[in-house]
Protein chains: 2
Amino acid sequence: MVTTEAETVLRGSPYRADCPTRHILDRIGDRWTVLIVGALWDGSARFSELRRRVEGVSQKMLTQTLRGLERDGLVRRTVHPEVPVRVEYALTEAGRTLREPLRALQEWSIAHLGDVSAAQEAYDHANRPPLDSTDRDE
Amino acid sequence: MVTTEAETVLRGSPYRADCPTRHILDRIGDRWTVLIVGALWDGSARFSELRRRVEGVSQKMLTQTLRGLERDGLVRRTVHPEVPVRVEYALTEAGRTLREPLRALQEWSIAHLGDVSAAQEAYDHANRPPLDSTDRDE
DNA sequence: CAGGATCCAGGGAGATACTG
DNA sequence: CAGTATCTCCCTGGATCCTG
């Protein structure tokens with residue numbers, strides 16, 4: 001694989017379906033992946049623990065996402081053959097490196113949340129006059 | 001609003017549905033947002049231009065995503081009242097700041113694509129060898 | 001050319017029941 | 001406890017047709 005420079009790729013390939021970016025987008029695309037990586041930020045956790053940490057995730061999605069991450073080599077799954085089966089999940093080396101860009105993204109979101117919210121309100125106000133009291137606010 | 005430090009947020013709030021992170025994830029969650037921001041990386045572009053740049057995007061998704069970005073104040077839409085209507089899209093200041101974290105993410109994907117692919121193959125080979133083969137080592 | 005409106009298929013995602 | 005297996009619902013997103 002020819003590793004062209006990041007800049008080049010940004011302007012050329014990524015818009016083509018064969019670009020690596022697409023694959024990663026598929027991964028971080030689903031909301032759960034990022035949240036789960038975040039939940040494993042500081043160490044390992046058991047299945048139930050993750051389920052508690054990542055609020056709103058269903059057992060199905062948690063399993064599914066963890067498997068995906070495991071398949072990608074970002075998460076390591078360790079089964080402890082004890083009486084009540086105990087499974088621990090932790091980020092691999094590769095997974096840990098993913099925290100950096102993810103953190104950048106999160107910091108951005110924290111820093112710009114206000115602007116975004118304001119922009120949304122302004123947009124809605126300017127574009128969507130009173131219909132009813134059906135305003136979707138968050 | 002409890003503006004805890006980034007680290008704290010990472011371990012606490014984000015897993016709660018009320019965290020700003022969720023909003024951003026909803027935004028970058030869809031594959032098109034990132035690609036479109038990338039397509040506007042170096043300047044403005046017209047609708048058709050974007051449609052060409054971002055391969056695989058449907059007119060509906062392009063419009064939808066652009067509207068979302070516009071609503072969030074990340075993209076500015078300029079209508080030129082000429083004979084054939086001409087609309088130009090460009091990143092706003094806020095949108096430009098988003099390029100940083102996005103670039104980090106992309107660079108990560110480029111850097112780790114190989115590892116991820118290898119991990120996937122290894123996983124698939126070890127866990128789900130296609131039917132037909134009767135080999136059962138390990 | 002830019003985009004609104006529709007119809008419709010596919011898969012994401014929840015709830016439930018069962019296993020080891 | 002840690003999943004697997006279904007069934008189903010619903011939203012996402014594509015394809016198509018139409019308008020300013």
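Throughout, protein chains are lettered first and strands after them, A, B, ... in sequence-line order, and every chain is numbered starting at 1.
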Can you see if the side chain of Thr63(B) gets near the phosphate of dG3(C) - specifically, an N or O under 4.0 Å from OP1 or OP2?
no
Residue pair Ala39(A) / Asp42(A): nearest heavy atoms and the distance that separates them:
O-OD1, 4.1 Å
In whole angstrom, what separates Glu55(A)'s CD from dA13(C)'s P?
18 Å
Rounded to the nearest 0.5 Å, what separation is found between the CZ atom of Arg86(A) and the OG atom of Ser48(A)?
11.5 Å
Salt-bridge present (Arg67(B), Glu70(B); N to O < 4.0 Å)
no
Interatomic spacing from CZ in Arg77(B) to CG in Leu69(B) - rounded to 0.5 Å
13.0 Å
Euclidean distance, atom CZ of residue Arg46(B) to atom P of dG3(C) [Å, nearest integer]:
12 Å
Return the value, rounded to whole Å, for the distance between atom CD of Gln59(A) and atom C1' of dA13(C).
12 Å
Just by distance, no angles: are the side chains of Thr78(A) and Glu88(A) close enough, under 3.5 Å, to form a donor-acceptor pair?
no
Judged by atom type as modelled, is there a donor-acceptor pair below 3.5 Å linking the side chain of Arg99(B) to the main-chain atoms of Arg96(B)?
yes
Specify the separation, in whole Å, of atom CG of Leu66(A) and atom C1' of dC1(D).
15 Å
Ignoring backbone atoms, establish whether Ser48(A) has a side-chain N or O less than 4.0 Å from OP1 or OP2 of dA2(D).
yes
Counting N and O atoms only, with roles assigned by atom type, does the side chain of Thr97(A) sit under 3.5 Å from a partner on the main chain of Ala94(A), one being a donor and the other an acceptor?
yes
Mind running a 4.0 Å heavy-atom check of residues 70-80 of chain A against DNA chain D and sending the residues that fall below it, in number order?
Arg77(A)
Between the CG atom in Leu98(A) and the CG atom in Leu105(B), the distance rounded to the nearest 0.5 Å is 7.0 Å
Quick one: is Arg67(A) getting a side-chain N or O under 4.0 Å of the dT4(D) phosphate, OP1 or OP2?
yes
With the side chain defined as heavy atoms from C-beta on, Trp32(A) is closest, among dG14(C), dG3(D), dA2(D), to dG14(C)
OP1 or OP2 of dG3(D) versus the side-chain N and O atoms of Tyr89(A): is any pair under 4.0 Å?
yes
In B/S/- notation, 5' to 3', how is nucleotides 6-12 of chain D contacted by protein heavy atoms closer than 4.0 Å?
-------
Side chain of Val87(B): nearest nucleotide among dC1(C), dG3(C), dG3(D)?
dG3(C)
Tell me whether Thr92(B) contacts the main-chain N or O of Arg76(B) through its side chain, where contact means a donor paired with an acceptor under 3.5 Å.
no
Rounded to whole Å, how long is the line connecting atom CG of Leu62(B) with atom C1' of dG14(D)?
14 Å
Within this structure, what is the CZ-to-C1' distance between Arg51(A) and dA15(C), rounded to whole angstrom?
11 Å
